[in-house]
Amino acid sequence: MCIRDSVWLSNHLLNYSYYNITNSTGALIYTNEVNLSTPIHIWTDFIDVDSLPEGNYTITTYAEDSSEPTHNNNTKSTWFYVDKTPPKITKEYGEPYKEQDGAEWITNETPIIIRVEDDGYHKSGLKETKYRYGIIDDGYCSGELSCENASIEKEWTILNDSAYGKFNIEDGDSCHLVEIYAEDNVGKASTHKQCVFVDNSAPGINKTIIGPHLKTQESEHIYLTKESVIRLECKDVMPHPIGGETLYWEMYWSFDDLENWTLVSSGEEKTGIKEFTDLEESYHKLVYWCEDALGNTGKQETEIDVVDNTPPSPIKSVGEPKIMWDGENSTFYPEIKGRCWSEQEDSIDCWKVTLDTPISLNCIDSEPHPVDNEKVCFKVEVDGEDMTGGENGYCQEYGGVMNEDDGYCCLNKTIENFVFLESTEHNLKFYCVDGLGNTNKKIEEEKFKVEGNNFVIKINKKWNLISIPVVLLNSDIK
């Protein structure tokens, strides 16, 4: 900036002129003297005040006429300020706001507040304040790149009040450069740059069930057991997840009334992870949702699960013909002697049957919350040897699948017409298992002695049974 002064001396020549500049204490810091004989209308030399320190000054100019030095002269004093301090820009983030791992995070709801002060002791006043923002590379927000080197080509928005303003970033999730420019009335300017992540996305939530669980066609709910583990996990989503997820949950209970629930527990997990297990048999309603460090909140989820810890009941019936067997003469199972049909704790059912005697192996899943989908699993011994599996085994005969863990043959249906294939002694074991793996702990076991086929008498239409008596050679099934 330069200052210049003019001296007007009418009809005379300028003989001598000078000017002095003094500071606020009166000390002379600059002077210039000129002896001239020039035409009228004289301008002095330019004064570059940028070389002066900030402060207030007085400039005194003097000129005299060559014809009458003592009467025709002119002295004039003017004060001025030198302002070398640019405006001071202060930016603040409202809520929500988070600083994490050296980066700053906001949402579209976060107000960005601008305050500008004309700083220094000799304020010239604010002329203009403006701002702009735009999307830049993520590296500028994470610290991999210097934010001061970031640039955008966006239109500026001028504040109505140069000292104060407020705005929000309206772009989507990304790394943004916020740039603010302020200038005072003597052209001194300041700029402020800030790189900030914008995250408006709520975290997602994963619900997984570890262990027994089943979704049946008959029910909209998921069946579990007390061994099952319900795991809830919040996970912030891309593209710019801030993390810091908190899981909120509520657990409700009802025995069988889905219209009336009892709150049994609730809470929050700062880790974003919660597991539930060892649930009692009943209906359980789980309500849960997630929130990240900026307060972005996900949708509230609700799910009803049914806990079934009750195993199905095995039901076996032996058809006709059959008679009770005492097992006294067993060749291959001598240990059953004295146990068949006894009242002892180790009592066992023993039968004599034929190759045509049907045996029903059935399962009924028990209340109160049966998942159903029962399977029948059986094992057959013939003369003390396991004949369940193998190429000609009973499992192949009945179209089952061998369970390698326990050697039983399992079918996804009941067996209504099970018959033995050999005339000898047999041991038949079976148990039931429902769709969740609940099974009866006591395996049903019975011994059988199989002797031949049913004796079938063909009766012709014209036979008179009164006149043609039939006498069996042996009417005793024994």
Side-chain angles (χ1 to χ4, degrees), residues 1 24 49-50 52-56 80-200 240-244 292-296:
M1 178 181 179
S24 58
V49 299
D50 287 338
L52 299 178
E54 181 163 329
N56 59 306
F80 65 92
Y81 293 104
V82 174
D83 178 8
K84 288 195 168 183
T85 305
K88 180 181 179 181
I89 300 173
T90 302
K91 174 197 56 62
E92 300 175 14
Y93 290 122
E95 295 295 334
Y97 165 79
K98 188 75 173 178
E99 186 175 356
Q100 183 171 286
D101 299 329
E104 294 183 282
W105 301 76
I106 61 174
T107 74
N108 288 155
E109 304 299 321
T110 305
I112 302 175
I113 303 166
I114 300 173
R115 291 185 174 87
V116 181
E117 179 184 357
D118 191 13
D119 207 11
Y121 292 102
H122 305 88
K123 301 176 175 61
S124 61
L126 297 173
K127 177 184 178 182
E128 181 183 71
T129 300
K130 54 188 178 180
Y131 71 87
R132 61 182 177 180
Y133 61 83
I135 297 174
I136 54 175
D137 188 275
D138 287 356
Y140 291 109
C141 289
S142 64
E144 298 176 13
L145 302 172
S146 173
C147 186
E148 287 300 317
N149 295 331
S151 62
I152 52 176
E153 296 294 333
K154 294 285 186 177
E155 294 293 328
W156 291 94
T157 299
I158 300 175
L159 296 181
N160 294 327
D161 182 352
S162 296
Y164 177 83
K166 183 167 62 175
F167 67 97
N168 299 78
I169 291 180
E170 297 179 356
D171 294 340
D173 293 13
S174 189
C175 173
H176 286 72
L177 170 64
V178 177
E179 190 172 9
I180 303 169
Y181 175 90
E183 182 180 337
D184 65 14
N185 285 316
V186 293
K188 294 294 184 292
S190 296
T191 58
H192 176 87
K193 285 184 175 182
Q194 180 69 56
C195 296
V196 60
F197 278 118
V198 176
D199 177 15
N200 300 300
H240 298 92
I242 185 174
D292 67 15
L294 285 170
N296 295 312

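Nothing fancy with the numbering, it's 1 onward along the sequence. What you are looking at is a predicted structure, and each value in this text was computed from that prediction instead of being measured.
- Looking at residues two or more places apart in sequence or on another chain, you find a ring-ring contact (aromatic ring centres under 6.0 Å, His included) between Phe197 and Trp105, His240.
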Stepwise side-chain contact (heavy atoms from CB on, under 4.5 Å) test for Ile158 and Thr129
CA-CA 6 Å; Ile158 300 175; Thr129 300; over 6 Å; no

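- Distance check: Ile152 CD1 to Glu155 CD gives 11.0 Å after rounding to the nearest 0.5 Å.
- In this structure the side chain of Tyr164 never reaches within 4.5 angstrom of the side chain of Val116, judged on heavy atoms.
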Listing, residues 178-185 side-chain donor-acceptor contacts under 3.5 Å, not counting sequence neighbours, or none:
from	atom 1	to	atom 2	distance (Å)
Glu179	OE1	Arg132	NE	3.1
Glu179	OE1	Arg132	NH2	3.3
Tyr181	OH	Glu183	OE1	2.9
Asp184	OD1	Val186	N	3.1
Asp184	OD1	Gly187	N	3.1
Asp184	OD1	Lys188	N	2.7
Asn185	ND2	Ser124	O	2.7
Asn185	ND2	Gly125	O	3.3

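- Under the 4.5 Å side-chain criterion, counting only non-hydrogen atoms from C-beta, Glu104 is in contact with Tyr97.
- Counting heavy atoms from C-beta on, the side chains of Asp171 and His176 come closer than 4.5 Å.
- A donor-acceptor pair under 3.5 Å is formed between the side chain of Asp292 and the backbone N or O of Leu294.
- Taking both residues in full, the closest heavy atoms of Ser162 and Lys127 are given as OG-O, 3.8 Å, listed atom of the first, atom of the second, then distance.
- For Lys91 and Tyr93, the positive end sits near the middle of the six-membered ring, less than 6.0 Å away and at most 45° from its axis.
- Here CG of Asp137 is found 8.0 Å from CD of Glu144. Values are rounded to the nearest 0.5 Å.
- Between the side chain of Lys130 and the backbone N or O of Leu159 there is no donor-acceptor pair closer than 3.5 Å.
- For the pair Val198/Asn200, a side-chain contact is recorded, criterion being any heavy-atom separation below 4.5 Å from C-beta on.
- The two atoms that bring Cys147 and Lys193 nearest to each other are O-CD, 3.9 Å, heavy atoms only.
- One distance of note links CD1 of Ile89 with OG1 of Thr191; it measures 6.5 Å at 0.5 Å rounding.
- Taken to the nearest 0.5 Å, the OG atom of Ser142 stands 10.5 Å off from the CG atom of Asp101.
- A donor-acceptor contact shorter than 3.5 Å is absent between the side chain of Asp199 and the backbone of Asp173.
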Applying side-chain contact (heavy atoms from CB on, under 4.5 Å), run through Cys175 and Ile135 and close with a yes or a no.
CA-CA 6 Å; Cys175 173; Ile135 297 174; over 6 Å; no

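- Considering only heavy atoms from C-beta on, Ile112 comes within 4.5 Å of Ile106 through its side chain.
- In this structure, Glu92 places its CD atom where more than 12 heavy-atom neighbours from other residues, nucleotides or ligands lie under 6.0 Å away.
- Taking the side chain as every heavy atom from C-beta outward, Phe167 and Ile114 approach each other to under 4.5 Å.
- At a threshold of 4.5 Å between non-hydrogen side-chain atoms, the residues Asp118 and Asp83 count as touching.
- To the nearest 0.5 Å, atom CD1 of residue Ile242 and atom OG1 of residue Thr107 are 10.0 Å apart.
- In this structure, the side chains of Tyr140 and Leu177 stay at 4.5 Å or more apart for every pair of heavy atoms.
- When all heavy atoms are compared, the tightest approach of Cys195 to Cys141 is C-SG, 3.8 Å.
- The backbone N or O of Ala163 sits less than 3.5 Å from a side-chain atom of Asp161, completing a donor-acceptor pair.
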